[in-house]
Trainee: 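One structure, as structure tokens, below. Some questions next.
Because the structure is a prediction, the values reported are computed rather than measured. All heavy atoms count here, side chains included; hydrogens, waters and symmetry mates do not. Nothing fancy with the numbering, it's 1 onward along the sequence.
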Amino acid sequence: MYKLIKPLFFQFDPEKIHYFVTGSLKNAQKIWGLPALLKKVYSFNHVSLERELFGLKFKNPVGLAAGFDKNGEYIEELANFGFGFIEVGTVTPLPQPGNDKPRMFRLQEDAALINRMGFNNKGVDVLARKLESIKRDGLIIGGNIGKNKNTPNEEAVNDYIKCFDRLFDVVDYFVVNVSSPNTPNLRALQEKEPLKHILNTLQQRNHKDGVSKPILLKIAPDLTNSQLDDIIEIVQETKIAGIIATNTTISRDGLQAPASLKNEMGGVSGKPVGKRSTEVISYLSEKSNKAFPIIGVGGIHSAKDAQEKLAAGASLIQVYTGFVYEGPGLVKRILKSLVR
């Protein structure tokens, strides 16, 4: 069915159709019996799919990456498509509109997207209130946190603290996002000293009534091996729970789309980032001697892509662009292949 309607969806602006589809999904699931039907069609459960990481039990290793549901508005609806976990955000302390539109572009020749959204979100208070009200039914929820555009890098740690403190009681794990290419100078925070400062500060606050939450770091695919060595050292020094590899890329190598599209500013996601993402996962896993868990994301459009990420050293995986291009059946196809 998705193959039939995808060409129609792809006639429209990517951002507009995203909100149309998610909004329609939310309204449609008010129909009696539809949520149960979707869950029956798209979910796949098997004991061998269960994973235990960071002290959390995941019903399966396939999650939805951050960016798809920035404000946590569709978690209950998206959970019916079989995800083992859903990551919301990136969220910032204050609401912000993001970059000027248009800011998302579809590269169909490459099965890719370019986005320069710029952390558009309703602010951490709105997200926290939403998460307080939803039914989780065992679903693991991650909170991806960032800084506001107008916050200088020297004060960025304060934004991460505000998001961390506000979401502490309502998410199962945190992701520190310093790797988006769409907020000016944000990637400078991936440098060793500022990154250690942010992570150490959060770790010092990471306890409440005897409870601490796993903190992960999301990194760019454009880091050099030397920079990846620094990341390994930082993980070990700060004792964070793990890494998400990777975010979108600023590279345009090998893209087949017309120049008018592929030269748009922003980060590329989808198939073009798949190979590099897997290389980063493999490098981190081998060089660290599997010292910490890795969540693999980037270019997963098939069960084979998912298996490659896991074979490279990922413990869990996330999809986003593949979910857009391949449809909601992708999750079940991956899970069934893993059981086989």
Side-chain angles (χ1 to χ4, degrees), residues 48-54 56 58-68 82-87 89-90 111-113 140 142 144 172-180 190 214-223 225 227-228 231-232 235 240-249 251 267-326 330-339:
S48 68
L49 293 170
E50 295 176 358
R51 302 288 188 272
E52 194 156 334
L53 284 172
F54 330 123
L56 301 173
F58 297 78
K59 66 180 181 180
N60 71 60
V62 182
L64 181 64
F68 198 95
F83 292 106
F85 60 109
I86 290 176
E87 195 171 305
T90 297
L113 296 171
I140 299 295
N144 188 301
D172 298 296
Y173 70 88
F174 284 95
V175 180
V176 175
N177 188 350
V178 291
S179 53
S180 168
Q190 290 184 119
I215 299 174
L216 292 90
L217 173 67
K218 189 165 189 176
I219 62 172
D222 310 304
L223 299 178
N225 286 349
Q227 289 172 313
L228 292 175
I231 293 296
I232 293 171
V235 173
I240 62 169
I243 292 291
I244 296 186
T246 63
N247 212 320
T248 58
T249 180
S251 170
V268 177
S269 63
K271 284 191 177 181
V273 79
K275 182 173 181 289
R276 178 55 186 162
S277 169
T278 303
E279 289 172 351
V280 170
I281 292 165
S282 180
Y283 187 91
L284 292 174
S285 180
E286 291 178 13
K287 288 285 285 190
S288 71
N289 196 26
K290 300 183 179 180
F292 47 82
I294 301 168
I295 299 179
V297 56
I300 299 175
H301 287 239
S302 67
K304 180 176 179 289
D305 296 332
Q307 290 166 349
E308 286 176 355
K309 291 283 190 290
L310 295 168
S315 300
L316 306 170
I317 57 172
Q318 292 177 323
V319 297
Y320 182 145
T321 305
F323 189 62
V324 172
Y325 272 89
E326 310 303 329
L330 175 63
V331 178
K332 187 172 185 177
R333 290 195 295 273
I334 291 172
L335 296 176
K336 292 181 78 171
S337 78
L338 294 179
V339 171

Trainee: Do I243 and I295 make a side-chain contact, defined as non-hydrogen atoms from C-beta onward lying under 4.5 Å apart?
Mentor: no
Trainee: Is there side-chain contact between E326 and R333, with at least one heavy-atom pair below 4.5 Å?
Mentor: yes
Trainee: Can you check whether F68 and F83 have ring centres sitting under 6.0 Å from each other?
Mentor: no
Trainee: Can you tell me how far the OG atom of S302 sits from the OH atom of Y325, to the nearest 0.5 Å?
Mentor: 15.5 Å
Trainee: Return the minimal non-hydrogen interatomic distance between P61 and L49, and the atom names on each side.
Mentor: CD-O, 3.3 Å
Trainee: Any side-chain donor-acceptor pair under 3.5 Å between Q227 and Q190?
Mentor: no
Trainee: For residues F85 and K59, determine if any side-chain heavy atom of one lies less than 4.5 Å from a side-chain heavy atom of the other.
Mentor: no
Trainee: Would T321 and I300 satisfy side chain to side chain contact (heavy atoms under 4.5 Å, CB included), going step by step from the backbone distance to the final call?
Mentor: CA-CA 8 Å; T321 305; I300 299 175; over 6 Å; no
Trainee: Check whether any side-chain heavy atom of L316 sits under 4.5 Å from a side-chain heavy atom of R51, and report yes or no.
Mentor: yes
Trainee: Are the side chains of P293 and F54 in contact, using a 4.5 Å heavy-atom criterion?
Mentor: yes
Trainee: Could you give me the CA-CA distance, side-chain angles and deciding distance for V280 and L223, then say whether side chain to side chain contact (heavy atoms under 4.5 Å, CB included) is met?
Mentor: CA-CA 9 Å; V280 170; L223 299 178; over 6 Å; no
Trainee: Could you tell me if the side chain of Y173 sits less than 4.5 Å from the side chain of L216, heavy atoms only?
Mentor: yes
Trainee: Determine the minimum heavy-atom distance between A65 and Y320, stating which atoms define it.
Mentor: CB-CB, 4.1 Å
Trainee: Determine whether R276 and T246 satisfy the following criterion, side chain to side chain contact (heavy atoms under 4.5 Å, CB included), listing intermediate values before the conclusion.
Mentor: CA-CA 9 Å; R276 178 55 186 162; T246 63; over 6 Å; no
Trainee: Applying the side-chain contact (heavy atoms from CB on, under 4.5 Å) test to Q318, which of V62, I244, L64 qualifies?
Mentor: I244
Trainee: Identify the heavy atoms of S48 and V339 that sit nearest to each other, and give their distance.
Mentor: OG-CG2, 3.7 Å
Trainee: After noting the C-alpha distance and the side-chain angles of F58 and E50, does the key distance pass the side chain to side chain contact (heavy atoms under 4.5 Å, CB included) rule?
Mentor: CA-CA 6 Å; F58 297 78; E50 295 176 358; over 6 Å; no
Trainee: Rounded to the nearest 0.5 Å, what separates atom CG in L56 from atom CG in D172?
Mentor: 5.5 Å
Trainee: Indicate yes or no for a side-chain donor-acceptor contact from S288 to the backbone of L284 under 3.5 Å, with no hydrogens or angles considered.
Mentor: yes
Trainee: Let me confirm one number: the NE2-CD1 distance from H301 to I334, rounded to the nearest 0.5 Å.
Mentor: 10.0 Å
Trainee: Quick check: does any side chain N or O of T249 sit under 3.5 Å from a backbone N or O of V268, one acting as donor and the other as acceptor?
Mentor: no
Trainee: Please check this pair: side chain of S285 against backbone of I281, looking for a donor-acceptor N/O pair closer than 3.5 Å.
Mentor: no
Trainee: Go through the side-chain N and O atoms of S180 and N177 and say whether any donor and acceptor fall under 3.5 Å apart.
Mentor: no
Trainee: So which heavy atom on A220 is nearest to which on S179, and how close?
Mentor: N-CB, 3.4 Å
Trainee: Quick check: does any side chain N or O of N60 sit under 3.5 Å from a backbone N or O of G84, one acting as donor and the other as acceptor?
Mentor: yes
Trainee: May I ask you to test the L338-L310 pair for a side-chain heavy-atom distance under 4.5 Å?
Mentor: yes
Trainee: Give me the atom names and distance for the closest heavy-atom approach of A245 to S277.
Mentor: O-OG, 3.4 Å
Trainee: Write down the atom of N247, the atom of V273, and the distance for their closest heavy-atom approach.
Mentor: O-CG2, 4.1 Å
Trainee: Using a distance-only test with no angle check, is there a side-chain donor-acceptor pair under 3.5 angstrom linking Q307 and S337?
Mentor: yes
Trainee: Using side chain to side chain donor-acceptor pair (under 3.5 Å) as the criterion, list what pairs up with K218, not counting sequence neighbours.
Mentor: none
Trainee: Testing V319, L335, V324 for side-chain contact (heavy atoms from CB on, under 4.5 Å) with L330, which one passes?
Mentor: V319
Trainee: So do F292 and I232 actually touch side chain to side chain, heavy atoms under 4.5 Å?
Mentor: yes
